[in-house]
2 protein chains.
Amino acid sequence: MSGPRFEPVRTVRAYERIVEQVEEAIESGALSPGQRLPSERDLMGQFSVSRSTVREALRVLQARGLVRSRPGDPNGAEVLPFSPDALQRSMASLARVEGLSLGELVQFRMVLDGSANLLAARLRTPGQLAEMEAAIERMREAVTRGYDEFSAADLAFHDAVARASGNKLIQICVEVVRSIVLGLVADRLADAPDREALMRRSIRHHEEVLAAVRDGDGPLAARLARRTMYDYYAGYVPAAERPALRALLDQPHSAPE
Amino acid sequence: MSGPRFEPVRTVRAYERIVEQVEEAIESGALSPGQRLPSERDLMGQFSVSRSTVREALRVLQARGLVRSRPGDPNGAEVLPFSPDALQRSMASLARVEGLSLGELVQFRMVLDGSANLLAARLRTPGQLAEMEAAIERMREAVTRGYDEFSAADLAFHDAVARASGNKLIQICVEVVRSIVLGLVADRLADAPDREALMRRSIRHHEEVLAAVRDGDGPLAARLARRTMYDYYAGYVPAAERPALRALLDQPHSAPE
DNA sequence: CTAGTGCACTGGTCGGACCAGTAGGCTACG
DNA sequence: CGTAGCCTACTGGTCCGACCAGTGCACTAG
């Protein structure tokens, strides 16, 4: 019945072929971070295309966060180590275009941070515990030194937990979503009149989370982490969205809701 | 002590300004999906730059998944609806460059899918329940019709759950990570000798999950969903990584480990 | 009224040109 | 002899003008 199976032909542009080749070289490790690509003028020779085409390919690679070029650099473009920048931009763009609400973002952080704590409670090393303690100590000192420093210390704590979870994907997503959420509410947090009280309460909550992680009680750590997140951000989430957040708080089976 | 606070100056390239303007127009809604940008030759007039510069900007926008251009199209580039393609590519690239293991990916899916079910159990509408049932029915029919169809029905189920969670971010991440995982193991799943038995067991598990979602028992649905995922993929995860996955399975507080 | 043809556009690619940067070698001065 | 400063040969960023292969639409010939 059916003759030979024909595949749809997609016209492939020259610059795409270049992107593919360079991408492959980077992801396979043939090109490692810090190394330099040949100059654009060299590349046009190697690929037998014009410089415009080479440049369009480099623009794409740069947009994907794989290389960076700098005018005047006697070497060519630099191969970058992976950075979640591209991931973060996609998500931030997603947040705006799709109209992601603050509630959804916070909810997502509750999920990720809870899971990170659950795993960290079982897998953390003594060194990582020390990092978490140090981060909380920095938070204490930062109470009198302004919101920026407090936020940085808070980041250090959550990052230590995420690393202790042993899952790089969780770690990166936590960081990405965190920065998006902060971009939405940082000014309101920094200007809150009861800022200092908020910080102190947050520190207390973090101490409780840390205690659970230290005790190896993952479910407790997860629950506390979710509640900490909720308490910290719920005030900025429209009341209509809060029930969805609270759905993540009561883990026991007989939750009345 | 300190004089005026100077900000570091970053030289901004012409094409970046164009990208920013178009991006802003799209994300603010001034340009909506389906609409067309002016032609490159028009744009060079509007931005007062050369066509090369316009094209580099368009390449970046295209790499970010915001527009698409087609040779010969009498209109200009088309504004695309948001698609997680860019997000997916960043994550897939992350998976390769950072050496994300299958274990980490599956673990991440367990976290997301578990949370999606937890939320879906509380928020699902009757219509969404029907979709889930229909998806399972399709899975049953697909057992005798090949792996591809089964996988598609499975996707439909998980997508229905994710949508029912009410969190678009979870929905998108579930989809993105799922496709990456499938890219890693699809061939092994399709060729498994005990393929049919695997499918039947998976269907049974999905039915249990659905029952919990229907009953509104979120924690149970979450636990079952995580276990379903574990059972389905654990065989492909190196034994050394499995304990980290199992850490997500036993939620009871008194976990002995 | 329709089928076919051409034209006026589109994006993709090319080549050449100029500019403002940068780095590193070279020179001239101390 | 050492160093401060210049000079040059590159880099990437931008511009220009040109050509090609597609596409859609209006116009024309049947």
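Each chain gets a letter, A, B and so on, in the order the sequences are listed, and its residues count up from 1.
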For a quick test of reading the model: is some side-chain N or O of [X] closer than 4.0 Å to OP1 or OP2 of [N]?
{"X": "T53(A)", "N": "dC14(C)", "result": "yes"}
{"X": "S39(B)", "N": "dT10(C)", "result": "yes"}
{"X": "R55(A)", "N": "dG12(D)", "result": "no"}

Integer-rounded Å distance: [N] [atom2] and [X] [atom1]:
{"X": "E78(B)", "N": "dT10(C)", "atom1": "CD", "atom2": "P", "result": "17 Å"}
{"X": "F47(A)", "N": "dC14(C)", "atom1": "CZ", "atom2": "P", "result": "13 Å"}
{"X": "L43(B)", "N": "dT10(C)", "atom1": "CG", "atom2": "P", "result": "10 Å"}
{"X": "E40(A)", "N": "dA9(D)", "atom1": "CD", "atom2": "C1'", "result": "17 Å"}
{"X": "R36(A)", "N": "dG12(D)", "atom1": "CZ", "atom2": "P", "result": "10 Å"}
{"X": "N75(A)", "N": "dA9(D)", "atom1": "CG", "atom2": "P", "result": "18 Å"}
{"X": "R51(B)", "N": "dT14(D)", "atom1": "CZ", "atom2": "P", "result": "17 Å"}
{"X": "Y15(A)", "N": "dG12(C)", "atom1": "OH", "atom2": "P", "result": "6 Å"}

With a 4.0 Å cut-off on heavy atoms, is [X] in touch with a base, just the backbone sugar-phosphate, or nothing at all?
{"X": "R70(A)", "value": "sugar-phosphate"}
{"X": "R68(A)", "value": "nothing"}
{"X": "S52(A)", "value": "base"}

Any ion pair linking [Y] and [X] (charged N to carboxylate O, less than 4.0 Å)?
{"X": "R163(A)", "Y": "D159(A)", "value": "yes"}
{"X": "D113(A)", "Y": "R178(A)", "value": "no"}
{"X": "R64(B)", "Y": "E23(B)", "value": "yes"}

### Query
Does any N or O donor sit under 3.5 Å from an N or O acceptor when you compare the side chain of R41(A) with the base of dG12(D)?
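Looking at the base of dG12(D), it does pair with a donor or acceptor on the side chain of R41(A) (distance under 3.5 Å).
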
### Minimum-distance nucleotide (side-chain atoms of A14(A) versus dG12(D), dT14(D), dT13(C))
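Closest of the options to the side chain of A14(A): dT13(C).
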
### Message
Nearest heavy atom decides the nucleotide; on that basis, is S48(A) or L37(B) closer to the 5' end of DNA chain C?
### Response
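Whichever sits nearer the 5' end wins; that is L37(B).
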
### Query
Can you check whether E56(A) reaches V60(A) side chain to side chain, under 4.5 Å on heavy atoms?
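A side-chain contact under 4.5 Å is absent here.
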
### Message
Donor-acceptor check, side chain of E104(B) to backbone of K168(A), threshold 3.5 angstrom: yes or no?
### Response
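Indeed, once roles are kept as given, a pair shorter than 3.5 Å links the two residues.
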
